[in-house]
Amino acid sequence: MLTIGQKFPEFKKTAVVSLEPGKEFKTITNEDLKGKWSVVFWWPKDFTFVCPTEITGFNDHFASFQKLNANLIGASTDSEFVHLAWRNDHPGLRQLQFPMLADTSKSLAEDLGILEADEKIAYRATFILDEEGVIRWVSVNDLAIGRNVPEVLRVLGALQTGELTPCDWEPGQATLA
């Protein structure tokens, strides 16, 4: 698995960015992430039970990611057409404000080292990248366990300080600079 200090892999993938006919899809590459901090999070499968709770959780905090000037991208190994169908089917996913990346070849998940061995689906992995595309934080959950989005935001904020942050540090608190 790729880890802290390594470059996020190069990629070129289709993402669902809208439900508006004719504007549903966009190609996204690693170059689109450079110049801003980025959070890329993965879920195992569309049309499941835990995954939409996480995706809507990230969407509920979208303004906080924007406030931290960070890209937010969700991804799975499902196709862009499955993503689109799921967004149209699930009321909580209709108003997503971030792209749903389709890694149908599983090449990006494989490059990241986050494919589950038996089903070849992505683990619940979260990567925080700096402005140069270097991985600065990685968290991976078991397939059955959802993430804590406020913790992702806390870590992103801590990394952006560029300073030492103590245990249980929260944004707005003093750092150990």
Side-chain angles (χ1 to χ4, degrees), residues 2 7-112 114-115 119-137 139 141 146-150 152-153 156-157 160:
L2 292 188
K7 285 287 247 185
F8 199 78
E10 291 185 14
F11 69 92
K12 181 179 181 180
K13 301 287 180 181
T14 301
V16 175
V17 295
S18 171
L19 295 181
E20 186 178 339
K23 297 183 179 181
E24 301 94 338
F25 307 113
K26 178 182 176 184
T27 300
I28 297 177
T29 74
N30 56 299
E31 291 298 317
D32 294 317
L33 305 181
K34 291 192 177 163
K36 286 177 75 170
W37 287 82
S38 297
V39 174
V40 182
F41 72 98
W42 291 77
W43 62 88
K45 294 180 181 180
D46 291 3
F47 290 98
T48 57
F49 304 102
V50 176
C51 298
T53 67
E54 292 189 302
I55 296 166
T56 58
F58 275 97
N59 198 56
D60 290 345
H61 290 88
F62 184 76
S64 297
F65 287 100
Q66 281 193 311
K67 192 175 184 179
L68 292 171
N69 196 32
N71 295 307
L72 179 62
I73 297 177
S76 83
T77 57
D78 291 296
S79 77
E80 64 271 26
F81 302 107
V82 174
H83 286 339
L84 182 61
W86 193 28
R87 281 194 60 182
N88 278 309
D89 180 69
H90 193 292
L93 302 180
R94 291 187 188 132
Q95 301 302 317
L96 288 186
Q97 301 171 81
F98 57 84
M100 295 175 85
L101 199 72
D103 185 22
T104 51
S105 68
K106 303 180 184 199
S107 60
L108 182 54
E110 186 173 46
D111 288 348
L112 290 167
I114 60 168
L115 281 179
E119 288 190 69
K120 301 294 185 205
I121 56 175
Y123 282 110
R124 294 183 193 285
T126 309
F127 295 86
I128 297 179
L129 318 175
D130 67 16
E131 301 97 328
E132 299 301 317
V134 175
I135 299 168
R136 299 289 304 276
W137 185 74
S139 176
N141 289 12
R147 280 166 273 231
N148 183 319
V149 178
V152 176
L153 284 163
L156 175 60
Q160 288 181 340

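Here the structure is a predicted model, which means the values were calculated and not measured.
- In this structure, Lys7 places its NZ atom where more than 12 heavy-atom neighbours from other residues, nucleotides or ligands lie under 6.0 Å away.
- Thr53 approaches Thr56 most closely through the heavy-atom pair O-OG1, 3.3 Å.
- Other residues, nucleotides and ligands contribute over 12 non-hydrogen atoms within 6.0 Å of the NZ atom of Lys106.
- The minimum heavy-atom distance linking Asn59 with Gln95 is given by the pair ND2-O, 3.4 Å.
- Shown here are the side-chain hydrogen bond (donor to acceptor under 3.5 Å, both in side chains) partners of Ser139, two or more places apart in sequence or in another chain: there are none.
- Crowding of Gln160 atom CD: a count of heavy atoms from other residues, nucleotides or ligands under 6.0 Å exceeding 12.
- Between Trp37 and Asp130, the closest heavy-atom pair is CE3-CA, 3.6 Å.
- Ring-centre distance between Phe98 and Phe58: not below the 6.0 Å cut-off.
- Between Trp86 and Phe47, the two ring planes are tilted [angle within 30° to 60°].
- Lys34 is linked by a salt bridge (charged side-chain N to carboxylate O under 4.0 Å, His left out) to Glu31, counting only residues two or more places apart in sequence or in another chain.
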(request) Apply side chain to side chain contact (heavy atoms under 4.5 Å, CB included) to Phe127 and Leu112, showing your working. (result) CA-CA 10 Å; Phe127 295 86; Leu112 290 167; 3.9 Å; yes

Q.
Under the criterion side chain to side chain contact (heavy atoms under 4.5 Å, CB included), I'd like the reasoning laid out for Arg94 against Leu19: C-alpha separation, chi angles, the key distance, then a yes or no.
A. CA-CA 7 Å; Arg94 291 187 188 132; Leu19 295 181; 3.9 Å; yes

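- A 6.0 Å sphere centred on CD of Gln66 holds more than 12 heavy atoms belonging to other residues, nucleotides or ligands.
- The aromatic rings of Phe41 and Trp43 are tilted relative to each other, their planes meeting at an angle between 30° and 60°.
- Shortest non-hydrogen contact noted between Ala15 and Ile28 is CB-CD1, 3.6 Å.
- Partners of Glu54 under the salt bridge (charged side-chain N to carboxylate O under 4.0 Å, His left out) rule, at least two apart in sequence or in another chain, are Arg124, Arg147.
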